[in-house]
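This report refers to the structure that appears directly beneath it.
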Amino acid sequence: MKNRIASILKIIVSLSLILNITGCWNRREVDELSIVMAVGLDKPKQNGRVQFIAQIFSPLGQKKGGMGESGGGGGGDRGYRNITSTGDTVSGAVQAAIHKVPRDIYFSHNQVVIFGRNIAKEGLQKYIDFFLREQQSRLNIWILVAKDRADATLEVTPQLENMPALDIADLVDIQGEASQSSVVNLKQFATRLLSRTTAPIAPFIEVAGKGDKKAIRVSGTAVFKKDKLAGQLNQSETRGLLWVIDEVRRGIIEVDCPGGSGKASLNIIHSDSKILPELKSGKIHMKIELKEHGILGSQSCPENLATLPKIAVLEKEKVEVIQSEVLAALKKARKLRADIFGFGDALHQKYPKQWRENVSKWDEVFPDIEVELKIDAKIRRSGRIMQPAGPEKEQSS
Amino acid sequence: MRIEKGAISSSQLMFLTAAFVQGSSLLIAFTHGITKQDTWLVVLSGFAVMLPFLWAYLSLAQKFPEKNLVQIMDIVYGPFLGKLISAIYISFPLQLISTNLRYIGEFFLTYMYPETPLIVILIMFTSVCVWAVRGGIEVISRISVITVVITFIVDFVTSFLLVNEMEFTNFLPAFELSMKDFIQGTHIMVSIPYGELVVFLMIIPYLNKIKQARSSVLLGLIFGAAALLILTIRDIAALGILSTVMVSPSFEAVRLIDIGNIITRMELLVAVVLLITVFIKVCVFLYASVLGIAQLLQLKTYRPLVLPVGILGVSFTVLIHEHALEQARAADIWPSYAFLFLLIPIVTLLIGKIRNLPQNQGGENK
């Protein structure tokens, strides 16, 4: 009898324990959350404050959109809401937003953080702290810098997705196809911020077009010194930078047809680069070894380019293009005195002693570092056709 | 008189040791800030320094077979002084219960339950520990087998999935440490993750074949250290310089896993592993404390002590620090303090050698 009571008691205790594991102290259900998909930070008119824009998923709008109704009314059935608030700090601004949102603000699904130009000029460190420290935030969110204001980029009607946030995140995702804008997440940005020599970078985002034709555009690179926006790289300079830091994935290099009028487009298939620091009689010297191979993507001249001598000429031209891109980036970096390539870290890894000697005056040392480029570019294939689809020419040419 | 009736096999002891060392994976973060990209080096050097210590402990255990540390102290130092030293000694696992509870509590508060009161997590965690310890050493060592297997699977899988994010240039420049930082890092590694093995002197006597103690504890330590090394290398390779500012590099590194938006958000695995390995650790400390107290007071069983000591541990945990930063500050002092406790068994071994002890009293105490 006693045994039975004991076992019944045990069962009751176990069952009541099961109830406990269904949730934690403050369980929060999906229908009680405002899920933030994108965050923008701007500088309002009052000094020393920050304007916080959160793009929040709106379930009602999603449902209507899914039914196939065309969104005629401006904002009535959008899949998102933008909430704006201001505060002295990011946390303060987030708190101020609570007064305007009926549900808890939830950052776990945040995809992008966009910093307005003014805020980037002021210095990002005090703002980025929130995203590193906050418990729900993640290290793989995209970091972008708006050419003008961040709020404008979050207002643009999305093209394919329901929300501008997802559009922007997708857009950043595919930038590797052109390799003309840097793609930086919070981990990479914070790593560069922690480095004593390397300058942080982030892609630029802007609103292009007017009225109904407004669209967002990601291109070029914002260059920071410490945490302050110092300058920018255009598209080809950006690719020059990406060649060196080994971030080029795909893209097209256009060169003149050898011996003919027209252009040949060479697709980049693979690229690999190494920064090798060297010391030559006490002076720091950077050797950049770049290996690239690709295919002949298309040509606009009538001659058959898929012949051995012509390919050799094309490869040489390609090397020149890559070289000019890298040198353009280098020139800009030297002008800004910003070590965007991570030469300092490369030196630190190979010659710690020389790095320690130079680290405090790196801004002066960096522009004078001699750079030697060693580029090896190959064209492996000519695509699906062996020669252009046209009447065969005389062999004499 | 034998308080613990159970006995464990040598493979169980090995798994227990391995799980125990793995439980310290969160504590490597203490050295990350000091030793930066060379942390893997102090994980190894700490292991090397630990070997002679471990050899001494095992010699002591084999010199006095079937005697736990409290009994050994009685023999070596005589009844009065022996009891005094034992009492001081038992305070060591008692304090470690609280510090480990605090670490696991702070971890869960930082990363998962920011608004839950610490005490709720502690009570739930400690109740399970108390339950396991009441089951005796056999129960704890059986759980440890599962723990080690799960931990190794998670470590390998997460390391494999993180290969994309890893950059091995993060380890350069290697050996950049100054001598001072290297010694400090090694000191922390010896005193915290490895040195705490000293409490196994309360467990080794219940091994069914005492001759195998040496090999099984050593193997366990090797497995444990290998797990710590894998974690350290994974975190540094994946996070680089960021790992020096993170509260839990492991958690942040595994958070980065994102394979096609499908295999992602795996960080809870790290929390689960941490939970079960720290559970083993706290169980061992709790067991060593209550067994020591029971031996000291010459009780017939330690069972009635488990719950009160557990409650004491929880209360002490809440009182021990005001906030997490004080805990980090204490981490500067703690290794040196803990180091004293690592030395006591060695001194005991030496005195035992000088007094030529086990032969004199070996017969009558059996």
Side-chain angles (χ1 to χ4, degrees), chain A residues 10 13-14 17 20-21 23-28 104 107-109 111 125 128-129 132-142 166 169-170 173 185-198 245-247 274-277 342 344-356, chain B residues 33 36-38 107-121 123-124 127-128 131 162 164-178 236 238-249 251-261 264-268 271:
Chain A
K10 272 182 194 164
V13 169
S14 315
L17 279 178
N20 271 330
I21 58 175
C24 43
W25 192 261
N26 331 66
R27 94 250 173 295
R28 285 190 282 183
D104 254 351
F107 284 99
S108 265
H109 293 273
Q111 311 265 323
Q125 209 223 302
I128 223 154
D129 187 87
L132 285 169
R133 211 179 282 274
E134 208 267 335
Q135 174 236 354
Q136 296 159 355
S137 193
R138 308 180 79 83
L139 282 177
N140 50 11
I141 50 180
W142 300 122
L166 293 175
D170 288 351
D173 255 339
N185 65 22
L186 182 55
K187 173 194 156 196
Q188 291 159 330
F189 196 85
T191 305
R192 279 178 171 243
L193 267 181
L194 272 167
S195 165
R196 288 183 67 187
T197 51
T198 309
I245 60 175
D246 201 9
E247 296 264 332
K274 277 193 199 106
I275 302 173
L276 303 167
D345 285 339
L347 185 72
H348 183 197
Q349 286 167 1
K350 202 163 173 198
Y351 299 108
K353 197 168 149 268
Q354 278 70 20
W355 179 80
R356 271 194 295 279
Chain B
K36 308 221 160 78
Q37 72 272 27
D38 288 324
F107 175 81
F108 276 93
L109 254 56
T110 307
Y111 282 105
M112 267 162 275
Y113 311 116
E115 285 157 46
T116 310
L118 181 64
I119 190 89
V120 174
I121 292 172
I123 289 176
M124 282 163 53
S127 328
V128 188
W131 195 7
L162 263 175
N164 259 345
E165 296 278 344
M166 287 186 187
E167 269 182 52
F168 286 91
T169 50
N170 285 341
F171 290 100
L172 296 170
F175 313 111
E176 203 200 11
L177 285 176
S178 67
I236 297 174
L239 285 176
I241 195 168
L242 262 183
S243 66
T244 58
V245 296
M246 289 298 179
V247 171
S248 168
F251 198 78
E252 294 293 345
V254 174
R255 251 186 171 185
L256 290 174
I257 294 179
D258 184 355
I259 297 185
N261 263 332
T264 177
R265 314 211 165 207
M266 300 184 73
E267 62 264 22
L268 270 177

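The shown structure was predicted, so the numbers you read here are calculated from the model rather than taken from an experiment. Reminder, nothing fancy here: chain letters follow the sequence lines and each chain counts from 1.
For B/Ala238, the part sitting under 4.5 Å from any heavy atom of chain A is the backbone (N, CA, C, O) and nothing else. Proximity to chain B (any heavy atom under 4.5 Å) is restricted, for A/Arg356, to the side chain, taken from C-beta onward. Heavy atoms closer than 4.5 Å to chain A are found in the side chain of B/Glu267, but not in its backbone. Contact of B/Val245 with chain A is made through the side chain alone, with heavy-atom distances under 4.5 Å.
A/Leu132 CG to B/Met246 CE: the interatomic distance, rounded to the nearest 0.5 Å, is 5.5 Å. Here the CG atom belonging to A/Leu194 is positioned 6.0 Å from the OG1 atom belonging to B/Thr244, to the nearest 0.5 angstrom. In this structure, CD in B/Glu252 is found 5.0 Å from CG in A/Leu139, a value given to the nearest 0.5 Å. In this structure, B/Leu172 CG and A/Lys350 NZ are separated by 10.5 Å, a value rounded to the nearest 0.5 Å.
Considering all non-hydrogen atoms of both residues, B/Thr169 and A/Gln349 come closest at O-NE2, 3.1 Å. Pairing each heavy atom of B/Ile241 with each of A/Thr191, the nearest pair is CG2-CG2, 3.6 Å.
Other residues, nucleotides and ligands contribute over 12 non-hydrogen atoms within 6.0 Å of the CD atom of A/Gln135. In this structure, A/Gln125 places its CD atom where only 12 or fewer heavy-atom neighbours from other residues, nucleotides or ligands lie under 6.0 Å away.
Ranked by heavy-atom pairs under 4.5 Å with chain B, the first of A/Lys187, A/Arg138, A/Arg133, A/Gln136 is A/Arg138.
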